[in-house]
Amino acid sequence: VQLQASGGGLVQAGGSLTLSCAASGRTSGHSVAVMGWFRQAPGKEREFVAAINRSGVRKEYSESVKGRFIVSRDGARNTMYLRMNSLKPEDTAVYFCAARPTYQTYVSTSPEGYISWGQGTQVTVSS
């Protein structure tokens, strides 16, 4: 599975951005079950942001983004979105989308649970 993330950019604190992640490749006939967003700031480890299952019913968020970010997906198109509201300077990072193996349905918050990764998109929030 190949993942392509897009939508990053520069925004002022308090602003909003929407990231997109499109999955392609070996998904014909089998949509990816679980997709997630992670981020990595300079000098820090990659951290979990949000994840969602195929139907969109099950979602997980990190405490730092809960109430501000919304993860969603278009299962038919294997596309996942991350709507980021009330952005803070500490949200500045490279955001990566990831996918679990097709047969895995558990909404994991650990990067070790994901086997396919996109290239990342930079989000910069100015104060």
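Predicted model only: the values in this text are computed from it and were never measured.
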For V49 and Y61, what are the C-alpha separation, side-chain angles and deciding distance, and is it a side chain to side chain contact (heavy atoms under 4.5 Å, CB included)? CA-CA 6 Å; V49 176; Y61 295 95; over 6 Å; no
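- We find the OG-CD distance between S108 and E112 to be 8.0 Å, quoted to the nearest 0.5 Å.
- Closest approach of L17 and G8 over heavy atoms only: CD1-C, 4.5 Å.
- Considering every non-hydrogen atom in both A23 and V1, the closest pair reads CB-CG1, 4.0 Å.
- Contact check for M84 versus L19: side-chain heavy atoms found under the 4.5 Å cut-off.
- Contact check for I115 versus P101: side-chain heavy atoms found under the 4.5 Å cut-off.
- In this structure, the side chains of M35 and T79 stay at 4.5 Å or more apart for every pair of heavy atoms.
- Minimum heavy-atom separation, N53 to R73: O-CD, 2.9 Å.
- In this structure a side-chain-to-backbone donor-acceptor pair under 3.5 Å is missing from R39 to V94.
- The distance between the ring centers of Y114 and F38 falls below 6.0 angstrom.
- No donor-acceptor pair under 3.5 Å is formed between the side chain of R58 and the backbone N or O of R54.
- In this structure, the separation between OG on S62 and CZ on F48 is 6.5 Å, given to the nearest 0.5 Å.
- Side-chain N or O atoms of S116 include none that pairs as donor or acceptor with a backbone N or O of A98 at under 3.5 Å.
- Looking at heavy atoms from C-beta onward, P111 lies out of side-chain contact with Q40 at the 4.5 angstrom threshold.
- Minimum heavy-atom separation, T109 to E60: CG2-CB, 4.0 Å.
- The two residues A93 and A41 come nearest to each other via the heavy atoms CB-N, 3.8 Å.
- For the pair R83 and F69, the cation-pi criterion (under 6.0 Å, within 45° of the ring axis) is not fulfilled.
- At distances below 3.5 Å, at least one donor-acceptor pair connects side-chain atoms of R100 with backbone N or O atoms of Y106.
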Worked check of side-chain hydrogen bond (donor to acceptor under 3.5 Å, both in side chains) between S16 and N85: CA-CA 4 Å; S16 299; N85 300 313; 3.0 Å; yes
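- Atom CD of residue Q12 and atom OG of residue S126 lie 5.0 Å apart, to the nearest 0.5 angstrom.
- No donor-acceptor distance shorter than 3.5 angstrom exists from the side chain of Y81 to the backbone of I70, with no hydrogens or angles considered.
- Residues R46 and W117 have side chains in contact (heavy-atom distance under 4.5 Å, counting atoms from C-beta outward).
- Heavy-atom minimum distance, V34 versus T105: CG2-O, 3.5 Å.
- Judged purely by atom type and a 3.5 angstrom limit, T124 has no side-chain atom pairing as donor or acceptor with the backbone of L10.
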Starting from the C-alpha separation in whole Å, work towards a yes-or-no answer on side chain to side chain contact (heavy atoms under 4.5 Å, CB included) for V123 and D91. CA-CA 8 Å; V123 172; D91 294 318; 5.5 Å; no
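- Separation of atoms OG (S72) and CG (L82) is listed at 8.5 Å; rounding is to 0.5 Å.
- Side-chain contact between Q4 and C21 is absent, with no heavy atoms from C-beta onward closer than 4.5 Å.
- Of the possible polar contacts, one joining the K59 side chain to the V71 backbone as a donor-acceptor pair under 3.5 Å is found.
- The closest side-chain heavy-atom distance from I52 to M80 is below 4.5 Å.
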